[in-house]
Amino acid sequence: MGDKAPKKTFTQKIKEKFEEKKPTIVKPEESKKEAEKPKEKEEEPKVQEEDNKQVPEKSEDRVPVKVKRGEYQIHIFLEEGRGFVPAKEGDTIDAVITITAFGTKKYTTPKDDISAGAAIYWGEHFFFNAPKLETNEVETSKILIEIRDHKFLLSDSLIGNYEMDLMYVYSRANHALVHQWIALCNPESEDFQTVRGHLKLGICVQAEDDEDVDLTVAEKEEAKTSEILLPPQIQHKWCQLIVRVIKAEGLPKLDDWNNTIDAYCQADYGGAKINTSVFTADKNKFAAYWYEDLYVPVSIPSVSNRLIIRVLDYDNTSKDDMVGTIAFDWEEIEAGKYSDYFWTCIYGAPKDLDNGPANKMNDYPELASAYRGRILMKMIIEHPKKASLKKERIIDPEINNFVHKTYEVETNYEMRSQIFSGIALPKAYSKYSIIVSWCGKEVESKIVLAVNGKCNWYETLKRKIMKIPFQAERSLPDVFVYLVADNEKICYARVSPYGWNNVNSNGTWIALLPDKAIGKINKDWEGGFIMLRLYITPYDENNDNLSVGRWNVPPRLKKMQKVKLIVNLYQCKNLPAADSDGNSDPYIEIYCCGVTKRSKTKPNTLNPMWYETIPIDFEISSLEDNPPILIYVFDEDEFSADDLIGICIIPLSEASKSHSMPKVPKWIPLSLGKSDSGKILISFNLYTEQDKVPEYSIVPKCIDAVVEINCLGLRDLQPALGWLPVNKAFIKFDMNSLQVPGENLVIRNAQTPPGDSGPNPNISTIIKFTCKMPIEKLYAPSLTCTVYDFLFKGLSQPQLGTFSINLGEIFHKRKRRLKKPSPVDIAPKILRGDSSLDMEIPIDTASDAESAFRPSTITTKTSRPSIEEAKAGAFVIDPVYSKDKKGKVTEVSRPDSKYMQLGYDKVPGDKTMHYRYILESDLEKSEYIDASPFEKFDIKRGQDKGIEDNWLSILHSNKNIDDRNLPRKPVGQFKGLIRVMKKDKNELREARMDLQNSRKKYLKEQVEKTGKIEMGDAFGIFGGAFPTKEDEEKEEENEGEEDIIDTEFENIQRSLLTKTDILVRVYVIDAFNLAQKDLKSNSDPYLRIKLGKHVIDDSDHYQKDEPNPKFFSCFDLKTVLPGPSKLKIQVWDKDLIIKDDKIGTTEIDLEDRYFSSKWQSLKEKPIETRNLYHPSTKIIQGTIRLWVELYSSTEAPPKRELLPRPPAEFEVRLIIWETRGVKSYDTEGTSDLFVRAWINNCDPKETDTHYRCQNGKGQFNWRLKFPLFLPNDHCIANLQIWDRDVISFSDFIGDVSFSFTELAKSAFETEGRVKKMGVDDKGFHIFSRKESDQVWIPCKRRTESGEYENAGDIKVTFEIVPKYNADSCPVGEGRGKPNIDPYLPPPTGRFQWSLNPFSLISQTCGPEFRCKICCAVCCLIICLLIILIGPSVIGSVIGKSING
């Protein structure tokens, strides 16, 4: 229902590990079995309107996604809009679009005088960033899109809006909507369900590490609308959601002046909000009675998935106070889950708190720490003809009686609670008590003094009887357990009320969370643990024996028994750096049942190895209590407080009981709040007083291994001192980090000599040594390495950073590899510069039959090339041409959109243009090349945890003063070849045989002792299962493959001895979705290429306000391999006043490619699609498309031509011939018609006016000319019909818009004249009609009801003419000179002055109006005749009657 269990936080994630297994949780409907069944639900009385039980069609299924906390970005690409309906019929609007997300509002450029049928293209990009969002904030974030009529001085008026949940987009494939039409409605209007316009846009929601999506990708042909851009026929309907709010009870007292609450409810869905009336709760049950229906309109399909019900306290003089929030899933509402009355609970923050955490608790019930009441309601869906937004009082006189007899019938529930003890309680206080709260009623324990964070209460709290209304049993409120110190509830636990119906249950440990709204304890891991016992069930007066389960007496404090816990501490890995030199001095602290022990300190390491056993003696009442074991990892500081760098919690039940051998350890994650802090390898053995504690060693079995580290070099080093560059860096290898305790071996440290100068030194040194290697991968050691700089002839050697090499991972790595040719043998092939440039472009001569017409270019469907096809050159396709009988050469076919056209042939067959395959990822992520043959490790410096070192610690250490308190970050990279081999193959087999014999011996002892085998311990204690026959065969096979791997290793090793001068050629095609770096506009991007010390700055060619720039650039750089190999392609934002901003970088390791046999075997390279990253964020900052080639510096081929056909200017000639079927809107039945037209963003132009036009047949013969610059992917023409008024504003009649993008593309590619063609409608039969350049285009008009009606047709000729043709053969505007091509005769049927009044009337009045005039004249004549003849007739009649 609306109230959900809170999400797991740090302590809640691990509490299941030590909780005793509870009885099966009883469902709400099952929990009533032990109580008296409530009365049957009476038939619900009829209310004012019958409920419509029809359920709307289910909305589109969404892809399940995992919502992550962190940084989010919304990218919106606004394409075009259509059908914007002004407030008054016939008006136009100055359209501006506003988009609101993450609390930020952005605007488009205004578009003036837009009519209902016009199509407007924006093509604008908008980016919204939220640096840090919690998951619940992501789930409730919304995107609001509004179209407004822009006013110069007055406030903009709302035309329509569209609100969608962020999750609606994020749950779609690729977290994006592409080329999506949306319908806009005005919620502020009474007729809000009328569609007020449509927008076409793309939306992409990115979280950290999410891939970018190109919102400008070409739309599929089948998805495009028709050529005439009429408003899209979107399936759009409305349903009526009725939220029936009956009452709430148990509300908190928030008003001090009347000791109650003035409560009201608010329903919020998709931006539509409606409130109930305000009701002052009674002072008995603090209940508010509304009995109101809230009508909420819902658009189907819906883009909002949550209905929010808020309960608030109304205040006259201040902001209304939030009581709590309830969220409902729309799909559950659609399914009818809430169609019957139900109770749901309200949760919120503690009373009288107004801060950030308290506000979050009030907004997100899963975070709340207090119960705030319950509410009775129901939700139904109807399908009326017209949905509404309103509230109505339920006027059914039976509803009160129905609710009272049904849902106010109460069942007594009892809650019993016993508090045992608490451990690891916060050290900030010394005395604690416990409060258990349920349904707003609380019971408190006595106050107890804590000793080392442990309290013993052993107290039975007072039983509480609660009255639960009918149906509320299905949503019983959570139980809140509070830790109280100094009369404040500093920590809490929120416990489900279900599953506590076992009267004889044992105590259970629960984890406490700090109440952030109280703010006394802030760190999640400092809440502590409480052992308690609960019993919640319907109250049975006939079975009220508290002695059952010993609820009538305090918990029995059993005789404490002494136990010994042996902590088998092995090692940690990847600990956070707590010192400024990038290391830590870790030690372990173990806490259990109030006793604390610590390990030895391991100085200057992030991968410490202890291999020591730590005994802990403590007392426990019973092993069944299963208390938690808390493991703290600290960094020891000599002159300041030690820093906590990691924590984990393990239940005591994980310990192996009474075993003579150590339990197998496990790698357990360490965390600190919501951040990872490495891992710890640890296990436990537990012994009672009766057990004999054995002595054992936890040092693993090892063999001698040979380690060979071929140090290729260091890359991208950052200096230790900001004002001094890196001089000659070298590496020290700490061999002591590999020494297994107990091995008396003399291992001295090794180091490389100072290498080349600069940040990318080649070291070319081999470090080879022998060490002890555990035969089990679980215990694999890591080698700690430190990089230093060699300054002032060695007088100063500042530390640059540290890194670790997990030698065990390399030793135990078993990858099946096939033998590959040596890179040394293949390298010359690519250096020769072999390419497809020398291939002939075939030109086929067409047959005579085919030459009768101009051949059209066919698009050929292509597929992803296989590896063999890629090696043969399938990544590049050259154009194929055909020649007709006139000698005209045209391209026959071209590949589909999987290939990109690069360059263009000025003359067909001139070998300039080619098509290149687009790879939708980095080349390294594809199957076409291998993973790097080198091992790479990031060199890091700085600290993740801890405080700044004080001056005393600086004086007594070798830490760099300039590195203090710097965050740990990468400062370079180590690259090399590493091989770890067993010194003697037979030694490994013998060690494994010894291990297998030990296992057999243990199993035999276990059978003799217990009569059974615990296989988990048997396998675990010796670090793995018995090797099978298949394992042994696989091992022999792997030994054979090692020879192949060694050969490859040695081949690469030899190739590293030769330095080669390399020309690096980088082809950069384009980029898209570039992050916005300017405050109120898009970025002004340009390229910057870096390789070692070489930098190419292309800032002179920056592109202004362009998020999707087209670069089509080629850059050459020289380098030596092995050597500086990190190729960085950067996109920067040009700023004319301030410093330029870096948008993002993508890096390519050239050594990985140069020494890759697969990469060298590729004849042509594909276009890579690579993400751009910035160190300040994990959100992708854009995407760039490029490819890289490597050549010998003396044998590089000519550069490929990339530039497309240059832009060209054209002239659009639009001839308005005539209109037909245009309705007259003047009283006299005529219209003063004129046509207004424009293309793209050109200024509108008008024809002359056909005054007194009758029957809608306007004659114009008028030519309009517009400039057109191509290429342009969005070409739209707009036509409007108007009725000119001299005194008032002209009246809008109708309009139409059509796309001529394909026509423009044809004109641009052929550099010739093209016309829009149609069918001549003068033919007698449909088969006799001919193609004509005079086309009838229908116009539409939007009525007040929102429907479209015909507004007449316009006959036009639409032609695109190249500029040089237009200049050589100019034509005049209108019917001006030169009036040629074609000649435009004066229009017929226009008004002509005449002295003949009948002619004037015929021309100035329409047929209907002329008929009315004739009727009026006839009536006037009849009246005159009556006036003139009437008296004589009347007198004659009277005379005759008198004389008669």
Side-chain angles (χ1 to χ4, degrees), residues 90 115-118 226-230 1213-1238 1244-1264 1277-1285 1290-1298 1300 1315-1326 1328-1343 1347-1359 1374-1375 1382-1392 1402-1411:
S115 57
S226 60
E227 188 179 11
I228 303 296
L229 298 185
L230 299 177
R1213 297 175 177 178
L1214 174 63
I1215 301 176
I1216 309 298
W1217 296 101
E1218 59 181 310
T1219 64
R1220 67 183 180 188
V1222 180
K1223 293 183 179 180
S1224 175
Y1225 291 91
D1226 291 343
T1227 306
E1228 60 272 22
T1230 61
S1231 297
D1232 302 327
L1233 295 183
F1234 69 95
V1235 177
R1236 189 168 182 257
W1238 73 92
K1245 294 185 177 182
E1246 299 176 357
T1247 65
D1248 64 345
T1249 304
H1250 185 158
Y1251 289 100
R1252 307 291 90 189
C1253 176
Q1254 302 179 23
N1255 297 322
K1257 297 180 179 180
Q1259 297 291 326
F1260 299 97
N1261 299 347
W1262 194 268
R1263 181 184 289 111
L1264 303 174
N1278 290 276
L1279 303 175
Q1280 298 176 337
I1281 305 176
W1282 290 78
D1283 177 19
R1284 190 179 299 281
D1285 289 330
S1290 299
D1291 298 323
F1292 172 78
I1293 296 177
D1295 65 354
V1296 67
S1297 61
F1298 62 88
F1300 61 96
K1315 288 184 179 181
K1316 184 178 179 63
M1317 305 300 290
V1319 178
D1320 186 2
D1321 60 350
K1322 294 182 179 180
F1324 178 77
H1325 192 271
I1326 185 172
S1328 64
R1329 295 180 181 178
K1330 298 181 179 179
E1331 193 175 40
S1332 172
D1333 61 2
Q1334 297 185 6
V1335 183
W1336 283 101
I1337 299 180
C1339 295
K1340 299 291 182 180
R1341 178 184 176 90
R1342 187 78 174 265
T1343 64
E1347 298 179 353
Y1348 283 89
E1349 64 179 11
N1350 292 328
D1353 302 329
I1354 305 176
K1355 190 175 187 179
V1356 303
T1357 294
F1358 189 89
E1359 183 180 19
R1375 292 183 294 276
Y1383 171 74
L1384 303 181
T1388 59
R1390 291 288 183 94
F1391 176 82
Q1392 296 181 354
S1402 176
Q1403 294 184 78
T1404 57
C1405 300
E1408 294 182 2
F1409 195 76
R1410 290 199 300 267
C1411 182

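In this chain, residues are counted from 1 in sequence order.
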Just so I know, are the side chains of [X] and [Y] near enough to count as touching, which here means a heavy-atom distance under 4.5 Å?
X       : Y       : answer
Asp1232 : His1250 : no
Glu1246 : Trp1282 : no
Pro1387 : Arg1375 : yes
Pro1338 : Val1296 : no

Open item on the list: Checking side chain to side chain contact (heavy atoms under 4.5 Å, CB included) between Cys1339 and each of Asp1295, Thr1219, Val1235, Ile1354, which is the one that passes?
Closed with: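 Of all the options given, the one that passes is Ile1354.
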Spacing of [atom1] belonging to [X] relative to [atom2] belonging to [Y], to within rounding of 0.5 Å:
X       : Y       : atom1 : atom2 : value
Asn1261 : Lys1355 : CG    : NZ    : 9.5 Å
Ile1293 : Lys1223 : CD1   : NZ    : 11.0 Å
Glu1359 : Lys1315 : CD    : NZ    : 4.5 Å

Task: Ring-ring centroid check Trp1217 Phe1260, cutoff 6.0 Å - done: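 No, the ring centres sit 6.0 Å or more apart.
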TODO: Check the surroundings of atom NZ in Lys1245: do more than 12 heavy atoms from other residues, nucleotides or ligands lie under 6.0 Å from it?
DONE: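 Atom NZ in Lys1245 is packed in, count exceeds 12.
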Task: Arg1263 side chain to Pro1382 backbone, donor-acceptor under 3.5 Å - done: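 Yes, because the side chain of Arg1263 sits within donor-acceptor range (under 3.5 Å) of the backbone of Pro1382.
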Open item on the list: Determine whether a donor-acceptor pair (N or O, by modelled atom type, separation under 3.5 Å) exists between the side chain of Arg1341 and the backbone of Phe1292.
Closed with: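 Confirmed, Arg1341 side chain pairs with Phe1292 backbone.
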Task: side-chain contact (heavy atoms from CB on, under 4.5 Å) assessment of Lys1316 paired with Phe1298 - done: CA-CA 11 Å; Lys1316 184 178 179 63; Phe1298 62 88; 4.1 Å; yes
